[in-house]
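First comes the structure, then the notes that go with it.
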Amino acid sequence: MKGKYKILFVCLGNICRSPAAQGVMQRLIDERGLNERFYLDSAGTYGGHAGELPDRRMRVHAQRRGYELTHRSRRVTGRDLEDFDLIVAMDASNRYNLQEMAATVDESRKIIMMGDYIRHYPHYDYIPDPYYEGAEGFELVLNLLEDACAALLDELV
Ligand code: 4NP
């Protein structure tokens, strides 16, 4: 991973949105032959699901689109803010918690919002938490992430 541009996707539990973002972005990177240039990971601001696979509902909806989500949940650490080049928050609460962790201005500047890259869903400027939602919530998350990850990758390359 040396020399690679390192992106960390962050949500609350690291079992729905951020592992899905990681999976969506990984496929875009694979499709565009950019594997040598990027390293991806995801984490959550809440550590209560540490060690778990993504939520079953998220895995089922993702699998229907061909994404195999195998990430194991982990809590974001202060070290992550040092190590990663870009930290992508799914909503304002995630961003707030990350900003609280930032030890330097440089770390603080690494934190961006996934929602800022949504192009085709004008009613959304963040990735809504699907945990207490039905199937539509998970489909919406995937629609928003496919849109935003493509825009973010366009900007990075
Ligand atoms: P995520 O979804 O932040 O997209 O992984 C959630 C996962 C777990 C909980 C809330 C949201 N929870 O309250 O345990």
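Atoms within a ligand are numbered from 1 in the order they appear, just like the ligands themselves. Every heavy atom of this structure was used, including side-chain atoms; hydrogens, water molecules and symmetry mates were not.
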- Item | From M113 atom CE to N94 atom CG, the distance as rounded to the nearest 0.5 Å | 7.5 Å
- Task: Could you tell me the residue and atom name of the protein heavy atom closest to atom 13 (O) of ligand 1, and the distance to it rounded to 0.1 Å?
- Result: Y132 OH, 3.8 Å
- Heavy atoms only: which of D55, I15, V10, D91 is nearest to atom 7 (C) of ligand 1? I15
- Taking atom 11 (C) of ligand 1 as the reference point, the nearest protein heavy atom with its distance: D129 OD2, 3.2 Å
- Query: So is there a nitrogen or oxygen of C16 less than 3.5 Å from a nitrogen or oxygen in ligand 1?
  - Reply: yes
- Query: With a cut-off of 4.0 Å, which atoms of ligand 1 are near a heavy atom of G13?
  - Reply: 1 (P), 3 (O), 5 (O), 7 (C)
- Task: In plain terms, say whether R95 and D116 are close enough for a salt bridge, that is, a side-chain N and a carboxylate O under 4.0 Å apart.
- Result: no
- Item | Short N-O contact, D154 and R32, less than 4.0 angstrom | yes
- Which residue holds the protein heavy atom closest to atom 1 (P) of ligand 1, what is that atom called, and what is the gap in Å? C11 SG, 3.5 Å
- Looking only at distances, please establish whether an N/O atom of ligand 1 is found under 3.5 Å from an N/O atom of S18. no
- Cation-pi check, R57 onto Y131 ring (under 6.0 Å, within 45° of axis): yes
- Query: Are E139 and R65 close enough for a salt bridge, meaning some N to O gap below 4.0 Å?
  - Reply: yes
- Task: Check R72, Q22, H71 against N14 for a side chain to side chain donor-acceptor pair (under 3.5 Å) and give me the one that passes.
- Result: H71
- Message: Only heavy atoms of L12, strictly under 4.0 Å: list the atoms of ligand 1 that pass.
- Response: 3 (O), 10 (C), 11 (C)
- Item | H49 N/O to ligand 1 N/O under 3.5 Å | yes
- Heavy-atom closest pair (L98 atom, V76 atom, distance to 0.1 Å) is CD2-CG2, 4.1 Å
